Protein chains: 2
Amino acid sequence: MANNKTVSEKNPLGDLRMTKQRKVVYDVLVEGAKDHPTASEVFVRAKELMPSISLATVYNCLETMTQAGVVTQVNMDREASRFCPNLQPHAHFFCSECEEIFDVGLKEKEAPTTPWALPDGMEIDQLLVNMRGVCPKCAAKNSNN
Amino acid sequence: MANNKTVSEKNPLGDLRMTKQRKVVYDVLVEGAKDHPTASEVFVRAKELMPSISLATVYNCLETMTQAGVVTQVNMDREASRFCPNLQPHAHFFCSECEEIFDVGLKEKEAPTTPWALPDGMEIDQLLVNMRGVCPKCAAKNSNN
DNA sequence: TAGCCTTTTTAGAATAATTCTAAGAATAAT
DNA sequence: ATTATTCTTAGAATTATTCTAAAAAGGCTA
């Protein structure tokens, strides 16, 4: 893909306005970069920075940013969506014990579709990988007991 | 008293009863093996075979069978869960144009985790892959226009 | 077979995340 | 400045799913 230094270089939302509310929501996400909050959790944190913000706005902002490709929406089962500002291609791992979500990156030189037998002509726009299991920390804790 | 074959040999639900309702729900799924119906869609089809069946029962049956590992629950974004009786490891592909869901199998000798840089000690119990894009049929249709 | 216990089904109420609505506020365009 | 567009907001509405409590079905033992 060619160099696309456009408006997006200045404003990660491209044509969309970077409003105060959107900034707050984005800041909340970046701040807690590792912890994948739900919309309601974002709402609680955003209220600390801007008490007047509403839940609907948080939903709007998250949706806008997801569309704009600035944040990623993580859906595990049918639980509340979670959001993260990690733009690198990555999978999400949910630990069944500590119930935390971890990002898992790609190995060097690997494409996420590698193992899959894609039919000829199938065009992939998006690939979403959710894993579930026990994280290293919890696994270690278990074997110590 | 002692049966020479284990229950699970006869009954894919193991210890759980294969009730009339469960049979109907399972049959509906196997029949439409390729089309990944939602619970409501299963309900509509099940009613044709057993008019007295209730939606709650369909949900119960689907849950039971998912637990038993006889069917797979497919969650795309936050849309209604879909169900399929394909037990082979496979990914799900959603075509943004015809809005159908396709199963995508693994290449020979590939593991679904291959491309991912899993931290040492991380135990994977389940891996879920959802793709989104344009299916070969729709892609072909587009280039003909 | 009767009696008892557990599992399953059922209709309808309840829940919870998300989206919608409509009006007002903020920003941009003319 | 005026107008047009985009955003925000509170609260209502939606929707898939789960819960509840009672009735029915199925299995087990005597």
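Numbers restart at 1 for each chain; the letters A, B, ... are given by sequence-line order, proteins then strands. Note: hydrogens, waters and symmetry copies are ignored here, and every other heavy atom, side chains too, is used. In this text, all values refer to a predicted model and were calculated from it rather than measured experimentally.
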(message) Protein within reach of the bases, or only the backbone? For nucleotides 5-23 of chain C, mark each nucleotide 5' to 3' as B, S or -, using heavy atoms under 4.0 Å.
(response) -BBSBBB-----SBB----
(message) Run through DNA chain C and report every stem of 3 or more consecutive Watson-Crick or G-U pairs, distances under 3.5 Å, ordered by first number.
(response) C:1-30 with D:1-30
(request) Could you tell me which residues satisfy side chain to side chain donor-acceptor pair (under 3.5 Å) with B:Thr19, sequence neighbours excluded, listed by chain and number? (result) none
(request) For B:Lys23 and D:dG26, give me the distance from atom NZ to atom C1', rounded to whole Å. (result) 18 Å
(request) Under the side chain to side chain donor-acceptor pair (under 3.5 Å) rule, collect the residues that match up with B:Glu63, sequence neighbours excluded. (result) B:Gln67
(message) Quick test of your reading: applying side chain to side chain donor-acceptor pair (under 3.5 Å), list the pairs with at least one residue in residues 118-128 of chain A, sequence neighbours left out, ordered by first then second residue.
(response) none
(request) Apply side chain to side chain donor-acceptor pair (under 3.5 Å) to A:Asn75 and list each qualifying residue two or more places apart in sequence or on a separate chain. (result) A:Ser81
Going by atom type alone, with no hydrogens or angles, which donor-acceptor pairs under 3.5 Å involve a side-chain atom of residues 93-106 of chain B and a protein atom two or more places apart or on another chain?
| from | atom 1 | to | atom 2 | distance (Å) |
| --- | --- | --- | --- | --- |
| B:Ser96 | OG | B:Gly133 | O | 3.1 |
| B:Glu97 | OE1 | B:Asn142 | ND2 | 3.4 |
| B:Glu97 | OE2 | B:Asn142 | ND2 | 3.0 |
| B:Asp103 | OD1 | B:His36 | NE2 | 2.7 |
| B:Asp103 | OD1 | B:His92 | NE2 | 3.3 |
| B:Asp103 | OD2 | B:Asn86 | ND2 | 2.8 |

(request) Among B:Val58, B:Leu49, B:Thr57, find the one that has a side-chain contact (heavy atoms from CB on, under 4.5 Å) with B:Gln21. (result) B:Thr57
Which atom pairs, donor and acceptor, lie under 3.5 Å between side-chain atoms of residues 112-119 of chain A and protein residues at least two apart or in another chain?
| from | atom 1 | to | atom 2 | distance (Å) |
| --- | --- | --- | --- | --- |
| A:Thr114 | OG1 | A:Glu110 | OE1 | 3.4 |
| A:Thr114 | OG1 | A:Ala111 | N | 3.4 |
| A:Thr114 | OG1 | A:Ala111 | O | 2.5 |

(message) What is the distance, to the nearest angstrom, from the CD atom on B:Glu41 to the C1' atom on D:dA16?
(response) 13 Å
(message) If the condition is side-chain contact (heavy atoms from CB on, under 4.5 Å), which residues does B:Lys47 pass it with, not counting sequence neighbours?
(response) B:Phe43, B:Ile53
